[in-house]
K.L.:
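Dropping a structure here in structure tokens format, bear with me for questions.
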2 protein chains.
Amino acid sequence: MTTTQSESHVLSKSCQYALRAVVYVARHASSSHLIGAQEMAESLEIPKHFLSKILQQLTRNQLVSSTKGPHGGFYLNDVNELTTIDRIVEVMDGPGLFKACVLGLPECSSTHPCPLHFEVVEYRDGFYHKLKRLTVKELAQFVHKGQIHL
Amino acid sequence: MTTTQSESHVLSKSCQYALRAVVYVARHASSSHLIGAQEMAESLEIPKHFLSKILQQLTRNQLVSSTKGPHGGFYLNDVNELTTIDRIVEVMDGPGLFKACVLGLPECSSTHPCPLHFEVVEYRDGFYHKLKRLTVKELAQFVHKGQIHL
DNA sequence: CAAATAAAGGATATATGGGTCTTTTATTCG
DNA sequence: CGAATAAAAGACCCATATATCCTTTATTTG
Ligand code: FES
Ligand code: FES
């Protein structure tokens, strides 16, 4: 009778957290005032230790910057600010999210298409190219104007 | 150094299998010649028992038809053939896949948008409406023309 | 009816993403 | 320098999706 749905999603939870965290840092941190994982976790309602892991991963890949010790924390340097969103998604969820076949076939191309390929490829690509053009800085600025939530 | 990517996806594996299976049935089965889970699993290279579970779920929701016993198997009746793809996705992955916020926020609407909302909502909706208009029958017909793979 | 067949159903195992905890390293400050 | 602080790192646990196995039910055929 009832169904056991898998509850799929476009971006993994790690990736969603990563994006929200990066935007938060972009908005609240400066070179003089760093943001700690603690504060971020509370404000964004993300499990603290899990968020730490994610931030680690982002810093390792140089998408955010950090310093240890008292008054340490995370911030974005000039390069970090210009990171495009697709880079963050790539680091968190791997490449291939935007390349892979919707039906999970091993290959995806117009010369080797699945039945859905030509139906949906424009949306996948559109989404991808949008994220490719969008920087963290720009995204953070959206939060200022209008009632944008994190 | 290295990253532990989550390898996300738009549709769950169950859902991908379901779609491929339904199209396969649409192409190969008729009221006189039913298709067994065995044959399907081999042709589509899907774990047999897992596929069975998925087909069960689809029949329970009346998206495919089946009969037991010798020469039993699966087929699509006239109603099943007109099932739209979004229904299959809904049954397998739950509703909300096309309604949920990309960043995982509890609400998604133009009055309560996240920073990405207005950037990506058109692609999500476009994808959704495409699947909403597309029937199993139509999808199966694409396989005939051109080199379409399952 | 009995035997064979194939789906339905349920119980269980495995892999992975999500989440927690503890220890180590680097930095600041008294 | 030593204490305090916060990120980095690694070990570990839990929930869920994925996958497998076994039993039951329905149907066909001899
Ligand atoms: S081949 Fe399936 S989406 Fe391109
Ligand atoms: S609110 Fe995030 S996508 Fe709509």
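Every value quoted in this text rests on a predicted model; they were computed, and no experiment measured them. Chain identifiers are assigned alphabetically (A, B, ...) following the order of the sequence lines, protein sequences preceding nucleic acid strands; residue numbering begins at 1 within each chain.
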K.L.:
Rounded to the nearest Å, what distance is computed from the CG atom of residue B:Leu34 to the P atom of nucleotide C:dA7?
P.N.:
9 Å
K.L.:
Using the rule that Ile, Leu, Val, Met, Phe, Trp and Tyr join whenever any side-chain heavy atoms are under 4.5 Å apart, tell me whether B:Phe50 and A:Leu103 fall into a single cluster.
P.N.:
yes
K.L.:
Reading DNA chain C from 5' onward, which residue's closest nucleotide shows up sooner: B:Ser66 or A:Phe50?
P.N.:
B:Ser66
K.L.:
If I take atom NZ in residue A:Lys48 and atom P in nucleotide C:dT22, what distance separates them, rounded to the nearest angstrom?
P.N.:
12 Å
K.L.:
Quick check: is B:Val121 connected to A:Val143 through a chain of hydrophobic side chains (ILVMFWY, heavy atoms under 4.5 Å apart)?
P.N.:
no
K.L.:
Take atom CD of A:Gln56 and atom P of D:dG10, then tell me their distance rounded to the nearest Å.
P.N.:
9 Å
K.L.:
Is there a side-chain contact between B:Leu116 and A:Leu134 in this structure, where contact means two heavy atoms from C-beta onward sitting under 4.5 Å apart?
P.N.:
yes
K.L.:
May I ask you to evaluate whether B:Thr59 reaches the phosphate of C:dA8, defined as a side-chain N or O under 4.0 Å from OP1 or OP2?
P.N.:
yes
K.L.:
For A:Leu131 and B:Glu119, what are the C-alpha separation, side-chain angles and deciding distance, and is it a side chain to side chain contact (heavy atoms under 4.5 Å, CB included)?
P.N.:
CA-CA 8 Å; A:Leu131 298 192; B:Glu119 305 299 313; over 6 Å; no
K.L.:
If you group Ile, Leu, Val, Met, Phe, Trp and Tyr by side-chain heavy-atom gaps below 4.5 Å, do A:Leu82 and A:Val25 land in one group?
P.N.:
no
K.L.:
For B:Gln16 and D:dA17, give me the distance from atom CD to atom P, rounded to whole Å.
P.N.:
15 Å
K.L.:
Between D:dA8 atom P and A:Gln62 atom CD, what is the distance in whole Å?
P.N.:
12 Å
K.L.:
Report yes if a side-chain nitrogen or oxygen of B:Tyr17 is closer than 4.0 Å to either non-bridging phosphate oxygen (OP1 or OP2) of D:dT18; otherwise report no.
P.N.:
no
K.L.:
Would you classify B:Lys53 as touching base, sugar-phosphate or nothing, given that sugar-phosphate means primed atoms plus P, OP1 and OP2, and contacts are heavy atoms under 4.0 Å?
P.N.:
base
K.L.:
If you look at every strand shown and take non-hydrogen atoms under 4.0 Å, does A:Ser14 touch a base, only sugar-phosphate, or nothing?
P.N.:
sugar-phosphate
K.L.:
From NZ of B:Lys13 over to C1' of C:dG17, roughly how many Å is that when rounded to an integer?
P.N.:
14 Å
K.L.:
Taking CG from A:Asp93 and P from C:dG18, how many angstroms apart are they, rounded to a whole number?
P.N.:
8 Å
K.L.:
Please encode protein proximity along nucleotides 23-28 of chain D as a string of B, S and -, counting only heavy-atom distances under 4.0 Å.
P.N.:
--BBBB
K.L.:
Between A:Arg60 and D:dA9, is there a contact of a side-chain N or O with OP1 or OP2 at under 4.0 Å?
P.N.:
yes
K.L.:
D:dT20, C:dA7, C:dT20: which one has an atom nearest the side-chain heavy atoms of A:His49?
P.N.:
C:dT20
K.L.:
Rounded to whole Å, please give me the gap between CG in A:Leu51 and C1' in D:dA8.
P.N.:
14 Å
K.L.:
Same cluster or not: B:Leu63 versus B:Ile46, using hydrophobic residues (I, L, V, M, F, W, Y) connected whenever any side-chain heavy atoms lie under 4.5 Å apart?
P.N.:
yes
K.L.:
Kindly assign one of parallel, tilted or perpendicular to the pair A:Tyr128 and A:Phe98, based on the angle between their ring planes and the thresholds 30° and 60°.
P.N.:
parallel
